[in-house]
Amino acid sequence: MTSSNVVENMQESLAGTSARTDAPKYEMANPRFWISHFHRNRQNRPEPKWDAPLSLPRSVVKLLVKSLEQYQLGDGGGPASLTAWNAKSFRCCSAESKELVDLWFLEEKEHSRLLGGAVARLGGTPIREHWSFSVFCGVRRCIGVDFELTVLLLTEIVSTIYYRLIQRHCQDEPIRAMCGLIMRDEAGHVAFHRARMALEGRKGKFTYGAIWKAGFFFLGYAAATMLWVNHAPALCAMGATTQEFYSEIQKEIGDFVMDLRKEVAAENAVA
């Protein structure tokens, strides 16, 4: 499921709802729409069969478990909230905004739980720290909530590729099922961010032109490279390649930019 599908599947049932306009700085893109999405997304989530027989080669297990241990720490295992110094300007602009952000991060915590099941299946142990996670948290805190939201969005996009490659190449059905559940959530998160950014674009806060696009791609490739440095051994052991990874990254970021610009242009044309 893509992020565009998430929106399309919900539009009919929530047509006519409108975003709040009383926020001091930010406006959430149709908060009722997204609150409903997060509640509905809790349904129909069959648990992977963690006790199924494991047939992965030992060499793959050894590398994959280390990768999943790192992801459990980073994908919902750390601070399950916005941590930028001025995060309140986004999170607390309305009761709906607070609920929406809490539901978003609750799904991230669910990812950590699922990853914990995969780590246990492979005989691993949860970890409490890693240098890449420390860098990630530091960047989120220091610069401000606008940049933190961009970092989190790009992390969602890059993580989608990580889980997609595992699902494509891993010959273990419970882990593949876990990836499917997480990718379903990530599609919703990316769609939420795109709707939020499109609202800001329609109000003239951002133009999303060539300079913005170049910076967005630069940050996206930086996030992707950090992931590849840490997780390439596991992904390559299962059959993924560097070219495959970066081709997926380029397409995913490019599709996001194209869809964002289309949303802004379509709404402006209607207005």
>> Just to verify, which of Arg40, Arg45, Lys109, Arg113 counts as forming a salt bridge (Lys or Arg N to Asp or Glu O under 4.0 Å) with Asp185?
In response: Arg45

Following the transitive rule for hydrophobic clusters with a side-chain heavy-atom cut-off under 4.5 Å over Ile, Leu, Val, Met, Phe, Trp and Tyr, establish whether [X] and [Y] coincide in one cluster.
X: Leu219; Y: Ile211; answer: no
X: Leu63; Y: Val60; answer: no
X: Ile166; Y: Leu54; answer: yes
X: Trp212; Y: Phe147; answer: yes

Min side-chain heavy-atom separation [X]-[Y] under 4.5 Å:
X: Glu248; Y: Arg168; answer: yes
X: Leu227; Y: Ile161; answer: no
X: Phe105; Y: Leu152; answer: yes
X: His37; Y: Phe192; answer: no
X: Val151; Y: Glu148; answer: no
X: Phe256; Y: Leu153; answer: yes
X: Pro48; Y: Leu114; answer: yes
X: Leu73; Y: Leu115; answer: no

Which atom pair, heavy atoms only, marks the closest approach of [X] to [Y]?
X: Met183; Y: Thr160; result: SD-O, 3.9 Å
X: Ile253; Y: Tyr221; result: CD1-N, 4.5 Å
X: Leu149; Y: His193; result: O-CE1, 4.0 Å
X: Trp34; Y: Gly188; result: CZ3-O, 3.7 Å
X: Leu64; Y: Cys170; result: CD2-SG, 4.2 Å
X: Pro53; Y: Asp172; result: O-OD1, 4.4 Å

Can you tell me how far the [atom1] atom of [X] sits from the [atom2] atom of [Y], to the nearest 0.5 Å?
X: Cys236; Y: Leu165; atom1: SG; atom2: CG; answer: 9.5 Å
X: Glu47; Y: Leu181; atom1: CD; atom2: CG; answer: 8.0 Å
X: Lys262; Y: Arg194; atom1: NZ; atom2: CZ; answer: 10.5 Å

With a 4.0 Å cut-off, would you call [X] and [Y] a salt bridge?
X: Arg164; Y: Glu244; value: no
X: Glu200; Y: Lys203; value: no
X: Glu69; Y: Lys66; value: no
X: Asp255; Y: Lys251; value: yes

When you measure from the side chain of [X] to the backbone of [Y], do you find a donor-acceptor pair of N or O atoms at a distance under 3.5 Å?
X: Thr150; Y: Asp146; answer: yes
X: Ser159; Y: Thr155; answer: yes
X: Arg184; Y: Asn41; answer: yes

>> Checking Gln72 against His111: is there a side-chain donor and acceptor pair closer than 3.5 Å?
In response: no

> Can you check side-chain contact (heavy atoms from CB on, under 4.5 Å) on Leu235 and His169, steps first, answer last?
Replying inline: CA-CA 8 Å; Leu235 295 172; His169 294 285; over 6 Å; no

>> Would Arg42 and Leu106 count as a side-chain contact (heavy atoms from CB on, under 4.5 Å) here? Give the steps.
In response: CA-CA 10 Å; Arg42 295 179 180 178; Leu106 187 62; 3.2 Å; yes

>> Apply side-chain contact (heavy atoms from CB on, under 4.5 Å) to residues Val264 and Tyr208 and explain how you reach the verdict.
In response: CA-CA 9 Å; Val264 173; Tyr208 305 121; 4.3 Å; yes

> Could you walk me through whether Arg261 and Val257 pass the side-chain contact (heavy atoms from CB on, under 4.5 Å) check?
Replying inline: CA-CA 6 Å; Arg261 288 174 167 177; Val257 172; 3.9 Å; yes

> Less than 6.0 Å separating the ring centroids of Tyr71 and Tyr163?
Replying inline: yes

>> For Phe245 and Tyr162, I'd like to know if the aromatic rings sit close, meaning centre-to-centre distance below 6.0 Å.
In response: no

